[in-house]
Amino acid sequence: MAVRALRCGTLFDGTGAAPIRDALVVVTDGRITSVGPAGSRADATGMETLDLSGRFVMPGLIDCHSHASIVPGQGDQLGQLCRGPVPQALAATRNLRRDLAAGTTTMRVMGEEHFVDVDVRDAIEAGVIAGPRLLVAGRGLAANNAHGRALASYDGVDDVRRGARENLRRGANHVKIFVTGGVSSPGPTPTASAYTREEIRAAVEEADRVGTYAAAHAHGGPGLQLAVREGVRTIEHGALATDEDIALMIERGVWLICTFGIFMHPTGIEQGDGHRPAIMDKVHRARRVVADNFPRHLASGVRFACGTDSMHGLMPFELQTLVRFGVPPADALLAATRWGAEACRIDDEVGTLQPGKRADLIALDGDPLKDMAALTRVSLVMKDGVIYDGAHGG
Ligand SMILES: [Zn+2]
């Protein structure tokens, strides 16, 4: 039995409780077995102890929307997805190591070709490569003329069912469906639905039948509303969501997964596709609409979590943006931990530092509740009780 105690300067456990000063976390065989003030565990003196007494310790970050193989700053994201499986797996290996080093211990991957995400997830679990724990979608379901279409398209109810079933057979954890247009590709307005009601419902049913859920790429408007009414669990992006869209999401208990960096950060779409006016017009519009609407949306009561959408290592930017839009810092940390776990339906395993949960945690130099920039100073990453050692990749 491997037992280790962590002496924490400040502990933010992700439950919503006030941070504990001078706390002790005990990890046994990869799971947390006790959490509390350091003085409360007299038996801790005999344990192997890791001294994090000058640090801020919190649950590992949960990136609810990314793609392992893509780097937006390289441009043409769909073109990147269409490369062969070997370059994709190699790119994913590099990108995911960066995510883990920056504190992301769990990531939901929202579409890859060749089932690279399934293989990479399994390679991480087997200890072959280092990376966050992955929840994967396999191929994103997209209509022939829609945003998100990479190597294959799925048209008509039967085709959507076939695509969903193939993904699930290959080991996908959830189903991803592209409902509206996107910001990173030219083409139709990002609010109309590329899929019919029946097609969306088919994806939701297939996911539901095997005990998982569907996630919809949707920016807002009629497409977003159709996806919500047909029963998707999460709306991805929602950059052009109206107050009416958000009200419907609140009514149906649907999660909003915010992805700001990809269109707001200078190394995102702007760097990769900045020379394409058809894309940059959309980026500029999304930035304007989000800056106008998100302070309201995020205070509306809609449940939200965060994703980098392939901006590897940039979860801090997502949280800094939440705070800039008026979210209290403690809530921004919850969005990246417990709420993310709830959105991804893995809150029985991760998202908080409580007895029974996996020992996924990070230590920061500085207090992100005072200055969110502290989240860029990750000095320790532990996943399943194992300390990630960046220098050795394991
Ligand atoms: Zn995405």
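Position 1 is the first residue of the sequence, and the numbers go up from there. Whatever order the structure lists ligands and atoms in, that order sets their numbers, starting from 1.
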Student: Do Y195 and F178 have ring centres separated by under 6.0 Å?
Tutor: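 No, they do not, as the ring centres are separated by 6.0 Å or more.
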
Student: With a 3.5 Å distance limit and no angle check, can you tell me whether D99 reaches the backbone of T104 through a side-chain donor-acceptor pair?
Tutor: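 No: the side chain of D99 does not pair with the backbone of T104.
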
Student: Verify whether one side chain among T259 and H237 offers a donor that lies under 3.5 Å from an acceptor in the other.
Tutor: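 Yes - a donor-acceptor pair under 3.5 Å links their side chains.
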
Student: Is any side-chain N of the basic residue among R55 and D365 closer than 4.0 Å to the acidic one's carboxylate O?
Tutor: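 A salt bridge links R55 with D365.
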
Student: Around the Zn ion (ligand 1), how many protein N, O or S atoms are closer than 2.8 Å?
Tutor: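 Counting protein N, O and S atoms closer than 2.8 Å to the Zn ion (ligand 1) gives 3.
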
Student: Is it the case that the side chain of D331 and the backbone of V327 share a donor-acceptor pair, with hydrogens and angles ignored and the cut-off at 3.5 Å?
Tutor: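 Looks like no, no N/O pair under 3.5 Å.
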
Student: How is the hydrophobic cluster of L78 composed, in terms of its other members, when Ile, Leu, Val, Met, Phe, Trp and Tyr link through side-chain heavy atoms under 4.5 Å apart, directly or indirectly?
Tutor: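 Noted: L78 shares its cluster with I70, L81.
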
